[in-house]
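Here the structure comes first, spelled out in structure tokens, and everything after it is commentary.
All chains are named by letter (A, B, ...) in the order of the sequence lines, taking the proteins before the strands, and each is independently numbered beginning at 1. No hydrogens, no waters, no symmetry mates; every other heavy atom, side chains included, goes into these values.
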2 protein chains.
Amino acid sequence: MDNQEIRNAGLKVTLPRVKILELLENSTQRHVSAEDVYKLLLDKGEEIGLATVYRVLTQFEAAGLVARHNFEGGHAVFELDRGEHHDHIVCVVCGKVEEFMDATIEQRQREVAQERGFEMADHSLIIYGRCNKHKEA
Amino acid sequence: MDNQEIRNAGLKVTLPRVKILELLENSTQRHVSAEDVYKLLLDKGEEIGLATVYRVLTQFEAAGLVARHNFEGGHAVFELDRGEHHDHIVCVVCGKVEEFMDATIEQRQREVAQERGFEMADHSLIIYGRCNKHKEA
DNA sequence: AGATAGATGAGAATCTTTTTCATTACGAGT
DNA sequence: ACTCGTAATGAAAAAGATTCTCATCTATCT
Ligand SMILES: [Zn+2]
Ligand SMILES: [Zn+2]
Ligand SMILES: [Zn+2]
Ligand SMILES: [Zn+2]
């Protein structure tokens, strides 16, 4: 259960943390900004300060519960980290986000890093395009 | 020459634009933030307002003269767009940036987008890791 | 050279995220 | 269950990045 995940992260089980984790688990949008989380909680009647939302998301990220992504747009988006790595493809018209994982790309990235003497720690791959509803031709 | 590139972009050839483009061409750091550009110009005695730096970089981007990247760190970095696409590998310790282009990755990205019904417009791939000077083992 | 649309600079404004600090609430130990 | 010390929270301020406003200047065309 959630409480245990929070405890395992070395954090106290507080109402804001439980509610934020619940929201990330149950929200229809998987990829949400801090502001989104704040407003979605407000809509549910949970008055949790925006500063707390930022703090908790950052702590969850450090604990590996949450992943942060820097999509275009000037603000970070967060999602529950379910352990399975994936990358993203984002529609530049409607903002729709789809996830994918391509073993070939993953493998080549590791090789590219090695070839350059780097030890890969992480990577960020975002494809921008127009989804089936918004492509031109 | 620079002036023609600026003109071709439909922009007036002004001193700030010429100086910013020169700096991007000659700077030892290829990947610079707007603040970097502002300060590097100051160091050279060119007093160009920060707002102008932002405006010009954005215009250059729209004209395809400059590429903008959202590395981690909360601020965008810019580089001259020399027409040859490439991606980046960044050392999380010292910030060193290397460029690479991998045909396999590029190709798979296009395929992934297609498989999902997307028309790829652009993509952002950043590998984070430790460079040869900073890796552990 | 003169007219005009476009460009600049300074500062204000905006947006996102972090910090401060006084107050409140977990949870370990009794 | 009660107490206490520490960690967590909320509100507001601060900080950092970027954009906007507007009065002034300037490149370009005639
Ligand atoms: Zn779309
Ligand atoms: Zn995702
Ligand atoms: Zn390094
Ligand atoms: Zn580059």
Side-chain angles (χ1 to χ4, degrees), chain A residues 1-23 31-42 44-63 65-78 95, chain B residues 1-23 31-42 44-63 65-78 95:
Chain A
M1 124 157 335
D2 288 4
N3 293 8
Q4 198 52 50
E5 295 191 78
I6 295 173
R7 217 164 253 128
N8 291 342
L11 301 168
K12 284 191 187 176
V13 178
T14 62
L15 193 139
R17 286 176 181 149
V18 171
K19 291 300 177 186
I20 290 172
L21 193 46
E22 271 179 22
L23 183 137
H31 306 88
V32 288
S33 68
E35 189 80 30
D36 290 338
V37 170
Y38 174 68
K39 287 185 176 157
L40 287 168
L41 287 171
L42 271 190
K44 297 192 171 191
E46 303 291 344
E47 304 233 341
I48 294 170
L50 182 55
T52 299
V53 171
Y54 274 105
R55 264 185 306 237
V56 169
L57 287 173
T58 300
Q59 293 159 340
F60 283 180
E61 183 192 15
L65 287 176
V66 156
R68 175 195 308 249
H69 307 293
N70 295 109
F71 292 178
E72 288 177 347
H75 58 272
V77 301
F78 301 83
Chain B
M1 118 151 348
D2 287 4
N3 292 9
Q4 199 50 51
E5 296 192 76
I6 295 173
R7 217 164 252 128
N8 290 342
L11 302 168
K12 284 189 185 176
V13 177
T14 61
L15 193 139
R17 286 177 181 148
V18 172
K19 290 302 177 186
I20 290 171
L21 193 46
E22 271 179 21
L23 184 137
H31 305 87
V32 290
S33 67
E35 189 79 29
D36 290 338
V37 171
Y38 174 68
K39 287 185 176 157
L40 287 168
L41 287 172
L42 270 190
K44 297 192 170 191
E46 303 292 344
E47 305 234 342
I48 295 171
L50 183 54
T52 298
V53 171
Y54 273 105
R55 262 186 307 238
V56 169
L57 287 173
T58 299
Q59 292 160 341
F60 283 0
E61 183 193 13
L65 287 176
V66 155
R68 175 196 307 252
H69 308 293
N70 296 110
F71 292 177
E72 288 177 347
H75 58 271
V77 302
F78 301 83

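What you find for B/I6 and B/K12 is that their closest heavy atoms are CG2-O, 3.5 Å. Of all the heavy atoms in A/F78 and A/V66, the pair that sits closest is CD2-CG1, 3.8 Å. The two residues A/E22 and A/D2 make their nearest non-hydrogen contact at CG-OD2, 3.7 Å. Closest heavy-atom contact between A/L41 and A/K19: CD2-O, 3.9 Å. In plain terms, the two heavy atoms of A/V53 and A/I20 that are nearest each other are CA-CD1, 4.0 Å.
In this structure, the CG atom of B/L57 is 10 Å from the P atom of D/dT19, given to the nearest Å. To the nearest angstrom, C1' of D/dG16 lies 14 Å from CG of B/D36. Distance CG (B/L50) to C1' (D/dT18): 8 Å, rounded to an integer number of Å. Atom OH in A/Y54 sits about 15 Å away from atom P in D/dG10, given to the nearest Å. Atom NE2 of A/H75 and atom C1' of D/dT18 are 15 Å apart (whole Å). Counting to the nearest Å, the P atom of D/dA17 and the CG atom of B/N70 are 14 Å from each other. Between A/E47 atom CD and D/dA12 atom P the separation is 13 Å, expressed in whole Å.
Taking the side chain as every heavy atom from C-beta outward, B/Q59 and B/R17 approach each other to under 4.5 Å.
Residue A/S33 is the one, among A/R55 and A/S33, whose nearest nucleotide of DNA chain C lies closer to the 5' end (criterion: closest heavy atom). Each of B/G73 and A/V56 has a nearest nucleotide on DNA chain D; the 5'-most of these lies closest to A/V56.
Looking at heavy-atom distances under 4.0 Å, A/R17 makes contact with sugar-phosphate atoms alone, never a base. Nucleic acid contact class of B/E35 (heavy atoms, under 4.0 Å, all strands): none.
Listed by first and then second residue, the salt bridge (charged side-chain N to carboxylate O under 4.0 Å, His left out) pairs involving residues 52-61 of chain B are B/E61-B/R68 (not counting sequence neighbours).
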_side chain to side chain contact (heavy atoms under 4.5 Å, CB included) between B/F60 and B/L11, intermediate numbers included_ = CA-CA 9 Å; B/F60 283 0; B/L11 302 168; 4.0 Å; yes
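With a heavy-atom cut-off of 4.0 Å to chain B, the contacted part of DNA chain C has its first and last nucleotide at C/dA5 to C/dG11.
Remark: B/K39 engages B/E35 in a side chain to side chain contact (heavy atoms under 4.5 Å, CB included) (not counting sequence neighbours). For the side chain to side chain contact (heavy atoms under 4.5 Å, CB included) test, residues two or more places apart in sequence or in another chain that qualify with B/Y54 are B/A34, B/L50.
Around the CD atom of A/E47, the shell of radius 6.0 Å holds no more than 12 heavy atoms that belong to other residues, nucleotides or ligands.
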Every protein N/O lying under 3.5 Å from an N/O of nucleotides 23-28 of chain D:
residue : atom : partner : partner atom : Å
D/dA27  : N3   : B/K12   : NZ           : 3.3
D/dT28  : OP1  : B/R7    : NH2          : 3.4
D/dT28  : OP1  : B/V13   : N            : 3.2

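Across the helix from C/dA1-D/dT30 to C/dT30-D/dA1, the helix axis at one end is tilted relative to the axis at the other end by 30° (nearest 10 degrees, each axis from five pairs).
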